[in-house]
There are 2 protein chains.
Amino acid sequence: MAHSEIRNMEEFAAISGISRPTVSKYFHDPSSVRKSTRMRIEAALEKYDYRPNIYAMNQNRKLTKNIGIVVPYLADPFFGEIVRMIEGRCIEAGFTPSLFSAHGDQAHENAILDSLRSMKPAGVLLAPLGRQSDKSAIETFCKHVPTVLFDSNIDGMGEAFVGSDNHSFVSQTVEYLSRTGEAPCFFEMRTPANPNANKRRIAYLSMMERLGLEPHVVKVDGTGWGFEEIGRRGGLKLLSEKSLPTNTVLCSNDRLAIGLLAACYESGVRVGRGADCALRVASHDDHPFSRFTCPSLTTAAHDYSAVSDNAVETLFRLIESGGRLESRTESLFPARLIMRDSA
Amino acid sequence: MAHSEIRNMEEFAAISGISRPTVSKYFHDPSSVRKSTRMRIEAALEKYDYRPNIYAMNQNRKLTKNIGIVVPYLADPFFGEIVRMIEGRCIEAGFTPSLFSAHGDQAHENAILDSLRSMKPAGVLLAPLGRQSDKSAIETFCKHVPTVLFDSNIDGMGEAFVGSDNHSFVSQTVEYLSRTGEAPCFFEMRTPANPNANKRRIAYLSMMERLGLEPHVVKVDGTGWGFEEIGRRGGLKLLSEKSLPTNTVLCSNDRLAIGLLAACYESGVRVGRGADCALRVASHDDHPFSRFTCPSLTTAAHDYSAVSDNAVETLFRLIESGGRLESRTESLFPARLIMRDSA
DNA sequence: TGATAAAATTTACGCGGGTAAAAATTTTAT
DNA sequence: ATAAAATTTTTACCCGCGTAAATTTTATCA
């Protein structure tokens, strides 16, 4: 245990009585050596805590065992949750995940892509900033590194996209809301950071049209990634002006809804589907906090694990096929309506 | 731009008309070479997008330019926020941060420490799981890698600890609450994951004693990192049993408070300091979401940036002094009371 | 202008391990 | 038991860069 005098693979091989090339083979794939030798190596491994120098290992390999995971904003627990699942899958498969957050900043995202390139990862799972992303930087990056986009799609970039089906989200919430009460207006940021927001608005409009209902899109001002505050300020303004077109509000995403609910509470507007309630609020994402809002938030939930699993599996397929896929696929997973108290 | 035929530093040096050792020096510190040569290198750098192989670079360096950042639970936006600040400081100082989350799991934390060791980082900023941590694993790790603990202290481990002064948090909230109304009971988990929780309870007890008030500690059941749900369940139970000893509740942390507020709302208990309110709730941390609860949460705020700055600076000092500090210091930063609507 | 300091170049070796080729060994099949 | 197949060992060279020492070039300044 404490004999950590082993400095390199040469010494370790000598001590375990195996040749260095065979030991090297073992570390790349333990099942590639005969069982008897494997056991001798593992016995030595228990006595001396040697581990190969990862830098020396990766130096020559054109393809490392690293996988890069990039998310736009880690202070959003939604991404925390996704990251947890993705990391788990990568580790199971014998890869080493490296996690990065752009923290909502384009320059930071570019810097991440830059340092990621020099890591020569086997592949990258990238949830881009979206509208704020430097498209050309991402395009260049994807040319050099096998990349699967997730959560937020950018047309044509990466070898595949895995995310949620925005139409499924919106159609379920709109259908539910309009069936059980007044049809909803759509509450969103004027300049949304994320392309999903646009898809959701479009889905809202088409869904309302199909149902023969008049659509109302309410846009609130604000930029950046502080969605809750943007939702809150927008909500306060709308409520004080009494300019909401309907008594039912469908928010583009849960974080806006959290802000809106705060505004309602502050303004003394009771939210829910009870007779004593003035407003219904629903939303999309099933953000980890949406069950703790007051009232708890009716929302359409991502299939977190399906998206994570599929993204990782797609990346593995991509890696196995040498970094290129026959065609760019887009996998979209449907939502599940979560009925809580807010609508 | 597109001449990426450069395979190594040798070739790049040839093309830029500079010798390889000088180019090598440049990459380690651009200001260490004469301005004229620096400009020649940078000119070549623009034409040919060469970047040194980081693995080859780090192979010989006993000390890399990497800094490990480990947090216990990344789905908690509190850590997302801290990480953002810490990463920024590291990058400014020319280091490359690597981010890891234990996702609330001991085995995962150990695995992170393990792979971190083989990365030979210049230093590590570690926010341990706390009670769930494998102490001996952390101790061994700290012996091999210059480590500064933050957020959650473990006695004697790491070369320094940087965090918040729990006594400052609790004394301010207790003082405020008892001055403006009924003295608070203390609401916490029966088996808290984090050592700060114990310190806060002790601070509560001593503060109440000093004020000559009778303390009440209310413990709720539940394990793991889903604090909100634990707070909510505990709250529902206490409210239905009407067994809260006071009309003022001081939660150990904001995430529990978020759950408690949800329970109050569900139970129809109005929270706040108005005449129509049955309960006051306050807490500690100034969690990013605490301003969006209903009502917004009165809390004691971490000095996020002071903690981050100090942790990073301490680590830099540690690195500069070769991995050992004269004595283990503990830097604690006071809280700032944030008065909102819940108490 | 010459002396001195500062910086760059040459030369050469090392790091820790990947990996190919040929020889030797072990295992498996016949 | 023997041939064929599968592993392992030997040997040897490579990767891309760090870095030390000695030498040459360039800059600085009296």
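Residue numbering restarts at 1 for every chain, and letters A, B, ... go by the order of the sequence lines.
To the nearest angstrom, P of D/dA20 lies 11 Å from NE2 of B/His28. As rounded to whole Å, 15 Å separates atom C1' of D/dC15 from atom CG of B/Asn58. Going from atom CZ of A/Arg51 over to atom C1' of C/dG17 covers 17 Å, rounded to whole Å. Between A/Arg7 atom CZ and C/dG14 atom P there is a gap of 17 Å when expressed in whole angstrom units. Across the protein-nucleic acid pair, A/Ile41 atom CD1 and C/dG17 atom P stand 13 Å apart, rounded to whole Å. Atoms NZ (B/Lys25) and C1' (C/dT10) sit 15 Å apart, rounded to a whole Å. Between A/Lys35 atom NZ and C/dT26 atom C1' there is a gap of 16 Å when expressed in whole angstrom units. With rounding to whole Å, B/Tyr55 atom OH is found 18 Å from D/dG18 atom C1'.
Taking only side-chain nitrogens and oxygens, A/Ser24 never comes nearer than 4.0 Å to OP1 or OP2 of C/dG17. Contact annotation: A/Ser19 reaches the phosphate of D/dT9 (side-chain N/O to OP1 or OP2, under 4.0 Å). The phosphate of D/dC17 has neither OP1 nor OP2 within less than 4.0 Å of any side-chain N or O from B/Tyr26.
Looking at A/Gln59, its side chain has no donor and acceptor atom pair within 3.5 Å of the base of C/dG17. With hydrogens and angles ignored, a donor-acceptor pair closer than 3.5 Å exists between the side chain of B/Arg20 and the base of D/dG18.
Closest approach to the A/Thr37 side chain among D/dC17, D/dG18, D/dT8 is made by D/dT8 (side chain taken as heavy atoms from C-beta onward). Across D/dC17, D/dT8, D/dA20, the shortest atom-to-atom separation from the side chain of B/Asn8 is found for D/dC17. For B/Tyr50, counting side-chain heavy atoms from C-beta on, the closest listed nucleotide (D/dC17, C/dG17, D/dA27) is D/dC17. Among the nucleotides C/dT9, D/dA27, C/dG17, the one closest to any side-chain atom of A/Asn53 is C/dG17. Residue A/Pro21 has its side chain nearest to C/dT19 when only C/dT19, D/dT19, D/dG16 are considered. Considering only side-chain atoms of B/Ile18, the nucleotide from C/dT9, C/dG17, C/dA8 that sits closest is C/dT9.
Residue contacts shown for B/Pro52 are limited to sugar-phosphate atoms, with no base heavy atom under 4.0 Å away.
For the residue pair A/Ser308 / A/Asn310, no side-chain donor-acceptor distance below 3.5 Å is found, with atom types taken as modelled.
With a cut-off of 3.5 Å on both pairing distances, the Watson-Crick or G-U wobble partner of C/dT30 is D/dA1. When both distances must be under 3.5 Å, the Watson-Crick or G-U wobble mate of C/dT1 is D/dA30. Taking a pair to require two hydrogen-bonding distances under 3.5 Å in either a Watson-Crick or a G-U wobble arrangement, C/dA24 pairs with D/dT7.
In this structure, A/Phe12 and A/Tyr50 have parallel ring planes: the angle between them is below the 30° cut-off, well short of the 60° mark.
We find the CD1-CD distance between A/Ile82 and A/Glu87 to be 12.5 Å, quoted to the nearest 0.5 Å. Going from atom NZ of A/Lys135 over to atom CG of A/Leu129 covers 11.0 Å, rounded to the nearest 0.5 Å.
DNA chain C is contacted by both A/Val23 and B/Arg40; B/Arg40 maps to the nucleotide lying nearer its 5′ end (nearest heavy atom per residue). Between A/Phe27 and B/Ser32, the one whose closest nucleotide on DNA chain C sits nearer the 5' end is B/Ser32.
Between A/Phe78 and A/Tyr73, the ring center distance fails the sub-6.0 Å criterion.
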- Task: Go through the steps to decide whether A/Val145 and A/Leu116 satisfy the test side-chain contact (heavy atoms from CB on, under 4.5 Å), and finish with yes or no.
- Result: CA-CA 9 Å; A/Val145 183; A/Leu116 216 34; over 6 Å; no
